Amino acid sequence: MEFNLQVGMKAERAEQVTTENTAIKYGSGGVAVYATPAMVGLMEGTCLAAVDPHLPSGMATVGIDLNIKHLAATPVGMTVRATAELTEIAGKKLTFTIEAFDDQEKIGQGTHERYIIDLDKFLKKAESKKNS
């Protein structure tokens, strides 16, 4: 199946840091700053936004690998912005360069791989685990 994807596709997403996405709330730390899992979710969602709208109906992507560094803390009240760029297409495997910034500096960077799936087949396989 042909996919309408090209190296260089980009997306950007942002979110406000609130008490709901701090390390304390996520249970990933004891400090009221933007949580690493929140940053990861924002980064993954940004990659998804770059490519999934361009896939045929019934197709989607799932994350298969993530290599990130959380470089700096961001306090409640600031905005975090993530960028993603599709840098490689190898069959159904997509590789992205990802970065995150707060209002002052770069706070995260890394790479993320996603895999193109047939949504129905994927969900049927996942659901079959309940019957095993």
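Positions are given from 1 along the sequence. Predicted model, so just to flag it, every value in this text is computed and none were measured.
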Grouping I, L, V, M, F, W and Y whenever their side-chain heavy atoms are under 4.5 Å apart, do [X] and [Y] come out in a common cluster?
X      : Y     : answer
Val76  : Val80 : yes
Ile116 : Ile89 : yes
Leu42  : Val33 : no
Phe96  : Leu55 : yes
Met9   : Phe3  : yes

Using a 4.5 Å cut-off on heavy atoms from C-beta on, say whether the side chain of [Y] contacts that of [X].
X      : Y     : answer
Asp118 : Met59 : yes
Met78  : Tyr34 : no
Leu66  : Ile98 : yes

Work out which heavy atom in [X] is nearest to a heavy atom in [Y]; give both atom names and the distance.
X     : Y     : value
Glu15 : Asn21 : OE2-ND2, 3.6 Å
Ala49 : Arg13 : CB-CD, 4.2 Å
Val31 : Ala23 : O-CB, 3.4 Å
Val7  : Thr87 : CG1-O, 3.7 Å

Item to check | Residue from Glu105, Met39, Glu99, Lys106 passing side chain to side chain contact (heavy atoms under 4.5 Å, CB included) with Leu71 | outcome: Lys106

Nearest 0.5 Å, please: how far is [atom2] in [Y] from [atom1] in [X]?
X      : Y      : atom1 : atom2 : answer
Lys10  : Thr46  : NZ    : OG1   : 14.0 Å
Leu86  : Thr95  : CG    : OG1   : 8.0 Å
Gln16  : Thr74  : CD    : OG1   : 11.5 Å
Lys69  : Thr111 : NZ    : OG1   : 10.5 Å
His112 : Ile68  : NE2   : CD1   : 11.0 Å

Checklist entry - Would Arg114 and Glu44 satisfy side chain to side chain contact (heavy atoms under 4.5 Å, CB included), going step by step from the backbone distance to the final call? => result CA-CA 9 Å; Arg114 298 188 70 77; Glu44 277 200 273; 3.4 Å; yes

Item to check | Ala60: partners by side chain to side chain contact (heavy atoms under 4.5 Å, CB included), with sequence neighbours left out | outcome: Asp52, Ile117, Leu119

Next on the checklist: Run the side chain to side chain contact (heavy atoms under 4.5 Å, CB included) test against Ile24 and tell me which residues pass, sequence neighbours left out.
Outcome noted: Thr22, Ala32

Checklist entry - Going through the checks in order, is the side chain to side chain contact (heavy atoms under 4.5 Å, CB included) test met by Tyr26 and Thr36? => result CA-CA 9 Å; Tyr26 270 83; Thr36 300; over 6 Å; no

